[in-house]
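Worksheet for the structure shown next.
Start at 1 and go down the list; that is how both ligands and their atoms are numbered. All residue numbers in this chain count up from 1 along the given sequence.
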Amino acid sequence: MPGHLMSTYNRQPVTFVKGQGTRLWDTSGREYLDALTGVAVAGLGHAHPDIAQAICEQASTLIHTSNIYGIAWQEALGDKLAQLSGMDRAFFCNSGAEANEAAIKLARLHARRKGIDDPAIVVMENSFHGRTLATLSATGNRKVQAGFEPLVHGFIRAPYGDVEAVRAIAAHQRNIVAVLVEPVQGEGGVRPAPQGYLAALRTLCDEHGWLLMLDEVQTGIGRTGRWFAFQHDGIRPDVMSLAKGLGNGVPIGACLAAGAAAELFAPGNHGSTFGGNPLVCRVGHTVLSVIEREGLVQRAEVLGQRFVDGLKARLSGVPGVVEVRGRGLLVGVQLDRPCGELVGRALSEEALLINVTADSTIRLLPALIMSDADADRVMDGVSRLVHAFLAGG
Ligand SMILES: *Cc1c(COP(=O)(O)O)cnc(C)c1O
């Protein structure tokens, strides 16, 4: 038992010691199929040879210096992300929460430019932005906030998917400077934004001079069948946060900005000791190169459709199944009751890694490299679990 670890997680009684592609092995040698990828992290699967080689070569060359000096791999990764996203500049950090912290700080600097000294950012109900004090305050989930009051203020909440609600807030609130929103609410139950929502927010932000800030920590890096989920909508945000899939498992986050928002930070405003070191940036650059070389963004779209079609075929009309939905390889099966126990049952009964989010939605986040045959195995396993669970077995 982990007697000397703080009690922050409800852990399953399984410890993995090895991975290869979409497979994991536990301490007893049992093999599992991974449909979670460490929560949208290992998009290229486990022990990918190009990633292992990048880590080994860079570790034996130079892991870390300091942002006091030039870092060639950080510049190369910034260039690559700008080229793929159409954004202008990047700041590198170590996690999704930190990427959102940078975004929130940009919004505050934007407020100073506008002469607003008590700025507010519109955030959504049911959202998730991280566990630091500012990002948990932005998060729309009381469970994440409880016990940590006083919250950071300067966040105003609106229902997700409702542009008119944001417009209504703007009518009586003069101090708004930004909107922070996920293109698909991942932790909130795999809820894609309604058609036209992001474009309408873009227009509203332009009308008022607000920053449109997208949290793409979960949806970015090919996950939804586009490099970045906003590319489904034909818009460009002012600010975008990334993390999870960018490093395939090495800790890296990035805050990207475009236009005037990209010019807000000046030397001394923000920083990170580890952020953007040569090791993680080389790995991030390699992740993007492999995704590009192997056509994995398109693959995520095709395979995601296979998942949604296949799960609908297996589960639609089953009493207790509310909806199958998804965007690329971010797939949800919503049931009519809490089903958290399915995480453990998937492990023990099906040797399968899945997740349950927002209490009653099964969430699948498979690797972009998963084969059709493995996808079908995942769906067969999930289908058996759901049928048995809903039948009360
Ligand atoms: C996971 C996640 C975060 C937090 O990322 P950490 O790396 O755990 O800090 C923030 N926003 C979204 C949308 C996420 O899915």
Where L62 and P278 come nearest, the two heavy atoms and their spacing: O-CB, 3.6 Å
Candidates L246, V250, L77, D50 - the one meeting side chain to side chain contact (heavy atoms under 4.5 Å, CB included) with V283: V250
Nearest-option assignment for atom 14 (C) of ligand 1, heavy atoms, candidates K244, E216, E187: K244
Short side-chain donor-acceptor distance under 3.5 Å, N100 and T135: no
Shortest protein contact, atom 5 (O) of ligand 1 (heavy atom only): G96 CA, 3.3 Å
Distance from atom 9 (O) of ligand 1 to nearest protein heavy atom, with residue and atom: A97 N, 2.8 Å
Atom indices of ligand 1 within 4.0 angstrom of S95 heavy atoms, with elements: 7 (O), 9 (O)
Residue of the set K18, R30, H46 for which side chain to side chain contact (heavy atoms under 4.5 Å, CB included) holds with W25: K18
E182 N/O to ligand 1 N/O under 3.5 Å: no
Contacting atoms of ligand 1, where contact means under 4.0 angstrom from a heavy atom of D215: 10 (C), 11 (N), 12 (C), 13 (C)
Element-labelled atoms of ligand 1 that are located less than 4.0 Å from some non-hydrogen atom of N100: 10 (C), 11 (N)
Trace of the side-chain contact (heavy atoms from CB on, under 4.5 Å) decision for M124 with V179: CA-CA 9 Å; M124 304 306 156; V179 175; 3.7 Å; yes
Aromatic plane relationship, H270 with F91 - under 30° parallel, 30 to 60° tilted, over 60° perpendicular: tilted
